[in-house]
Amino acid sequence: TNHSPTPRQFTITPKGWDGLKVAQLREGTQSLSVSIAPHQTRSIPLTVTLPSLPGHYLLTADIHSQGMAFEDWTEAMVWVE
């Protein structure tokens, strides 16, 4: 979500943990840049490879935008049965 009163460019770098792997978002990179209008929310599609062992796996994302850096800012849990 862009809480700013102006449009912003965000760079998102998703990270899989403990064997959860995130596919490249663009050729040669693990990051994706998106523009978000003021007071709007966007989502990005991700492709992940699940570990073969059952368990709970964490997916986080680093968010960077015009002098701001938020490491592991957002997260999702993935359950493998």
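Quantities reported herein were computed from a predicted structural model and do not represent experimental measurements.
- In the hydrophobic clustering of ILVMFWY residues, with side-chain heavy atoms under 4.5 Å counting as a link, Val22 and Leu53 come out together.
- Separation of atoms CG (Leu20) and NZ (Lys15) is listed at 13.0 Å; rounding is to 0.5 Å.
- Annotation: side chain of Leu50 is not in contact with side chain of Tyr57 (no heavy-atom distance under 4.5 Å).
- Rounding to the nearest 0.5 Å places CG of Asp18 at 12.0 Å from CG of Leu59.
- Closest approach of Asn2 and Thr6 over heavy atoms only: ND2-O, 2.9 Å.
- Between the CD1 atom of Ile63 and the OG1 atom of Thr13 there is a distance of 7.5 Å, given to the nearest 0.5 Å.
- Looking at every heavy atom in both residues, Val34 comes nearest to Arg42 through CB-NH1, 3.8 Å.
- Between Gln9 and Ser33, the shortest heavy-atom distance links the atoms NE2-CB, 3.3 Å.
- Applying the side-chain contact (heavy atoms from CB on, under 4.5 Å) test between Ile12 and each of Asp62, Leu46, Ile44 identifies Ile44 as the sole match.
- Linking Ile, Leu, Val, Met, Phe, Trp and Tyr whenever their side-chain heavy atoms come within less than 4.5 Å leaves Phe70 and Leu58 in two separate clusters.
- Separation of atoms CE (Met77) and CD (Glu75) is listed at 8.0 Å; rounding is to 0.5 Å.
- Atom CD1 of Ile36 is separated from atom NE2 of His3 by 9.5 Å, given to the nearest 0.5 angstrom.
- When the side chains of ILVMFWY residues are joined at heavy-atom separations under 4.5 Å, either directly or via intervening members, Trp17 and Val48 end up in two distinct hydrophobic clusters.
- With no hydrogens or angles considered, a side-chain donor-acceptor pair links Glu71 and His64 at under 3.5 Å.
- A distance-only check finds a donor-acceptor pair linking the side chain of Arg8 to the backbone of Ser65 [under 3.5 Å].
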